[in-house]
Amino acid sequence: MNFKRRTHTCGELKINNVGETVVLNGWVDRRRDLGGVIFIGLRDRYGITQVIFEPEHNSEAHLLGKQLRNEFVIAVEGKVSKRPEDQINKNMITGEIDVIVDSVVILNEAETPPFAVKDNTDAFEDLRLKYRYLDLRRPKLQKNILLRHKMYQLVRKYFDENNFVEIETPFLMKSTPEGARDYLVPSRLHKGKFYALPQSPQTYKQLLMVAGFDRYFQIVKCFRDEDLRADRQPEFTQIDVEMSFIEKENVFEVVEELMKNLFKEIWDIELSLPIPMLSFDEAMEKYGSDKPDLRFDLELKTLNDVFKNSEFKVFKDIIDNAGIVTAIAAPGCADYSRNQIDKLTAFVKKYGAKGLVWLKLTDGEINSPVAKFLSDDEKQNLVEKTNAENGDLILILAGSRLKTLEQMGALRLEMANRLELIKPDAEPKLLWVTDFPLFEWDEETKRFYAMHHPFTSPRLEDIDLLDKEPGKVKARAYDLVLNGNEIAGGSIRIHNAELQAKMFKALGISKEEAETKFGFLMTAFKYGAPPHGGIAFGFDRMVMLFAGETSIRDTIAFPKTTSALSLMDNSPSEVSEEQLKELHIKIEVN
């Protein structure tokens with residue numbers, strides 16, 4: 001095989017290369033035989049160049065050109081030629097030139113692929129995941145993977161220039177289940193004992209602060225055995241960051257400059273700083289979400305003041321029992337049919353709402369089944385409070401505060417989709433959400449769980465509430481939200497053993513359990529732990545958003561399905577009895 005290495009890539013040749021003899025290597029992207037002259041689109045990750053086999057120019061090369069089919073791997077040598085003006089393709093980087101082939105070498109033949117290797121393929125995702133190496137040849141996916149690479153490099157460069165140290169932490173660690181399930185790894189040498197794959201390097205990065213590395217970062221794989229969806233995988237990548245001797249404002253400054261860098265380098269957008277900030281309570285009350293999408297308005301309006309003395313018993317009872325009445329005004333939707341409104345009612349019921357109250361504002365009058373229960377003042381105040389205009393549809397939910405706000409937040413997004421309020425060219429919106437509750441109550445287990453993790457510091461002014469009213473304690477925690485997606489979350493950490501013990505007690509973790517799970521960290525705190533805090537970015541999700549995709553699977557080279565399967569190599573798979581014996585494991589099938 002007389003293989004000649006390429007002199008240029010398939011996305012490189014321009015008009016200034018005309019007359020040069022070049023060698024290109026790549027895959028056959030498409031083939032056209034126009035009565036003797038053969039046109040081949042030759043593809044590599046840099047682009048596509050059209051190469052031409054002419055029988056009069058080189059009959060031997062033309063004969064080989066007849067054998068070529070899609071996805072054959074070939075090397076061609078030839079001269080760069082300028083295309084006629086009427087054949088220039090302005091949509092191709094190489095659209096002004098062709099390469100007239102002098103010689104061709106077939107480096108490898110290819111069977112007909114199970115789906116067309118092109119961006120507009122109609123193949124189902126399961127088929128594409130089974131043949132992921134073919135899927136990754138598609139320009140769209142290659143562009144996403146190259147974007148991921150670029151973001152890796154920008155992140156590393158930024159943190160290095162700001163005096164952060166990249167330190168690797170172990171993948172085999174102690175299992176400390178609290179929240180999502182751990183992936184367990186059996187030990188061959190220590191019978192009956194297991195490592196866990198890290199859900200996060202949380203304890204290690206705190207130990208690095210104790211060790212004196214005051215600025216740490218790591219781009220790291222993490223693992224959680226939990227139910228999956230479009231933006232979640234069993235193994236995922238974090239940008240992990242921790243800093244000593246700081247307050248949350250210092251974390252914000254570092255993160256905001258990083259985001260400004262990424263906005264400029266990826267989107268060519270000048271990000272205005274500082275990033276806006278809302279408390280958890282404000283975000284929930286205004287948008288019904290702790291990760292609100294600010295690319296459109298449609299704010300929620302609390303109506304408790306409007307109906308606090310109402311004779312409409314449904315609203316009055318809920319307000320008297322510390323509940324909430326909340327509304328949005330859907331612009332121009334007063335002409336919604338009963339069927340359309342019934343569908344909205346069914347939508348909110350999926351989220352646990354008991355029903356949906358609606359009022360149409362037409363010709364200055366309110367039309368609604370509940371209108372007769374409302375006084376004229378209540379109707380007027382309702383219109384003013386919701387900023388409703390003629391032709392709008394007012395939608396109201398009432399119930400327990402957080403659940404009802406979440407239901408209305410889901411309805412807000414549904415209406416935004418129906419009304420196409422999020423424009424394709426909408427400016428990206430970032431937001432800090434702060435002052436989260438430290439705990440969330442689980443009705444099933446009748447106990448509190450840490451909303452973030454058990455090492456998050458409470459607000460200093462709330463420490464006394466840990467023993468008395470833990471549900472009222474606010475955390476020194478913060479999330480960064482981009483276009484309605486949480487892309488990073490962090491907190492100021494607890495850095496002394498006494499407060500950490502108090503936190504464990506509030507979570508119902510006994511001294512013995514705390515010592516077993518976290519004793520090494522508690523011991524470290526006794527030897528001079530500095531105040532510290534940090535943040536972790538969901539890198540896969542960030543790439544998805546910057547790439548304009550809706551699934552992180554389109555930004556990961558070899559992702560799993562929503563049932564955590566790798567269709568390409570059929571993992572997870574069974575293992576031999578010998579392997580199980582070595583690991584002291586016996587499988588019992590129920």
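All heavy atoms count here, side chains included; hydrogens, waters and symmetry mates do not.
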Verify, without hydrogens or angle tests, whether Gln87 (side chain) and Pro84 (backbone) share a donor-acceptor contact under 3.5 angstrom.
no
Would you check if Ile487 and Val481 make a side-chain contact, meaning some heavy-atom pair closer than 4.5 Å?
no
I'd like to know if Glu71 and Arg137 make a salt bridge, using a cut-off of under 4.0 Å between side-chain N and carboxylate O.
yes
One pair to check against side chain to side chain contact (heavy atoms under 4.5 Å, CB included): Arg224 and Tyr183. What are the steps and the verdict?
CA-CA 7 Å; Arg224 290 180 187 169; Tyr183 278 102; 5.6 Å; no
Consider only side-chain N and O atoms of Gln206 and Tyr204, and report whether a donor and an acceptor are under 3.5 Å apart.
no
Donor-acceptor contact below 3.5 Å, side chain Arg6 vs main chain Asn25:
no
How long is the gap from CD1 on Ile246 to CE on Met209, to the nearest 0.5 Å?
9.5 Å
If the threshold is 4.0 Å, N to carboxylate O, is there a salt bridge linking Arg553 and Glu125?
yes
Salt-bridge criterion met for Lys264 and Asp268 (N-O under 4.0 Å):
yes
Go through the steps to decide whether His62 and Glu54 satisfy the test side-chain hydrogen bond (donor to acceptor under 3.5 Å, both in side chains), and finish with yes or no.
CA-CA 6 Å; His62 181 265; Glu54 296 180 342; over 6 Å; no
In terms of side-chain geometry, is the basic nitrogen of Glu111 or Arg69 positioned less than 4.0 Å from the acidic oxygen of its partner?
no
NZ of Lys343: more than 12 outside heavy atoms within 6.0 angstrom?
no
Minimal non-hydrogen separation, Ile100 against His57, with atom names
CG2-CD2, 3.7 Å
All heavy atoms of Ala283 vs all of Asp290, minimum pair found to be CB-CA, 4.5 Å
Indicate whether any N or O donor in one side chain lies under 3.5 Å from an N or O acceptor in the other, for Arg215 and Ser244.
no
Would His532 and Asp214 count as a side-chain hydrogen bond (donor to acceptor under 3.5 Å, both in side chains) if you check the C-alpha gap in whole Å, the side-chain angles of each, and the deciding distance to 0.1 Å?
CA-CA 8 Å; His532 59 280; Asp214 67 318; over 6 Å; no
Pair His149-Ile145, side chain to side chain contact (heavy atoms under 4.5 Å, CB included): steps then yes or no:
CA-CA 6 Å; His149 162 77; Ile145 298 300; 5.9 Å; no
Hey, are Asp540 and Gln233 close enough side-chain-wise for a donor-acceptor pair under 3.5 Å?
no
Report yes if the distance between the aromatic ring centroids of Phe72 and Trp27 is under 6.0 Å, otherwise no.
no
Testing the basics here: between Leu42 and Val28, what is the closest heavy-atom pair and its distance to 0.1 Å?
CD1-N, 4.3 Å
Short question: side chain of Arg138, backbone of Val117 - any donor-acceptor pair under 3.5 Å?
no
Could you tell me whether Arg43 and Asp29 make a salt bridge, using a distance below 4.0 angstrom between a side-chain N and a carboxylate O?
yes
Parallel, tilted or perpendicular, as decided by the 30° and 60° cut-offs, for the rings of Trp432 and Phe252:
parallel
Would Ser573 and Ser571 count as having a side-chain donor-acceptor pair, cut-off 3.5 Å?
no
Asn390, CG atom: more than 12 neighbouring heavy atoms under 6.0 Å
yes
Ignoring hydrogens and geometry, is there a side-chain-to-backbone donor-acceptor pair from Ser491 to Ala477 under 3.5 Å?
no
Polar contact flag, side-chain donor to acceptor under 3.5 angstrom, Asp240-Tyr216:
yes
Donor-acceptor contact present, side-chain Arg295 to main-chain Lys423, <3.5 Å
no
Rounded to the nearest 0.5 Å, what separates atom CD1 in Ile422 from atom NZ in Lys429?
12.5 Å
Work out which heavy atom in Met544 is nearest to a heavy atom in Asn485; give both atom names and the distance.
CE-OD1, 4.4 Å
Run Thr237 and Arg148 through side chain to side chain contact (heavy atoms under 4.5 Å, CB included) and show every step you take.
CA-CA 11 Å; Thr237 304; Arg148 187 182 180 102; 3.2 Å; yes
Residues Gln50, Asp98; criterion side-chain hydrogen bond (donor to acceptor under 3.5 Å, both in side chains); working and verdict
CA-CA 5 Å; Gln50 181 165 274; Asp98 294 320; 3.0 Å; yes
Whether the side chain of Asn58 engages the backbone of Ala61 through a donor-acceptor N/O pair (distance < 3.5 Å, no angle test) should be reported.
yes
Should Lys14 and Glu96 count as an ion pair when the cut-off is N to O under 4.0 Å?
no
Are any side-chain N or O atoms of Glu256 and backbone N or O atoms of Ile275, one a donor and one an acceptor, separated by less than 3.5 Å?
yes
Do you know which two heavy atoms are closest between Tyr158 and Val254, and how far apart they sit?
OH-O, 2.6 Å
Ring geometry between Tyr133 and Tyr131 (parallel below 30°, tilted from 30 to 60°, perpendicular above 60°):
perpendicular
Quick check: closest heavy atoms across Leu567 and Asp126, and the distance to 0.1 Å?
CD1-O, 3.5 Å
Counting heavy atoms not belonging to Glu60, are there more than 12 under 6.0 Å from its CD?
no
Output, in order, the C-alpha distance, side-chain angles, deciding distance and verdict of side chain to side chain contact (heavy atoms under 4.5 Å, CB included) for Val543 and Asn144.
CA-CA 8 Å; Val543 178; Asn144 289 348; 5.7 Å; no
Is the centre of the Phe539 ring less than 6.0 Å from the centre of the Tyr152 ring?
yes
Over 12 foreign heavy atoms within 6.0 Å of CG, Asn417
yes
Is a donor on one side and an acceptor on the other found under 3.5 Å between the side chain of Asp479 and the backbone of Val433?
no
Using atom types as modelled and distance alone, determine if a side-chain donor or acceptor of Thr555 lies under 3.5 Å from a backbone N or O of Ile552.
yes
Which label fits Phe217 and Phe159: parallel for a plane angle under 30°, tilted from 30 to 60°, or perpendicular past 60°?
parallel
Under the criterion salt bridge (Lys or Arg N to Asp or Glu O under 4.0 Å), I'd like the reasoning laid out for Lys140 against Glu549: C-alpha separation, chi angles, the key distance, then a yes or no.
CA-CA 10 Å; Lys140 177 184 173 184; Glu549 299 289 357; 3.6 Å; yes
Donor-acceptor under 3.5 Å (Asn250 side chain, Glu247 main chain):
yes
To the nearest 0.5 Å, atom CZ of Phe236 lies from atom SG of Cys222 at 4.5 Å
Tell me, please, whether Phe296 has Arg412 positioned over its six-membered ring: NZ or CZ under 6.0 Å from the ring centre and within 45 degrees of its axis?
yes
Evaluate whether atom CD1 of Ile93 has more than 12 neighbouring non-hydrogen atoms of other residues, nucleotides or ligands under 6.0 angstrom away.
no
Determine, for Phe558 and Arg132, whether the Lys NZ or Arg CZ falls below 6.0 Å from the six-membered ring centre while staying within 45 degrees of the axis.
no
Can Asp554 and Ser551 be counted as having a side-chain donor-acceptor contact under 3.5 angstrom?
no
Gap separating the CD atom of Glu20 from the CG atom of Asn17, nearest 0.5 angstrom
4.5 Å
Working to the nearest 0.5 angstrom, can you tell me the gap between Met151 CE and Ile219 CD1?
9.5 Å
Going from OH on Tyr287 to CD1 on Ile328, what distance comes out if it is rounded to the nearest 0.5 angstrom?
13.0 Å
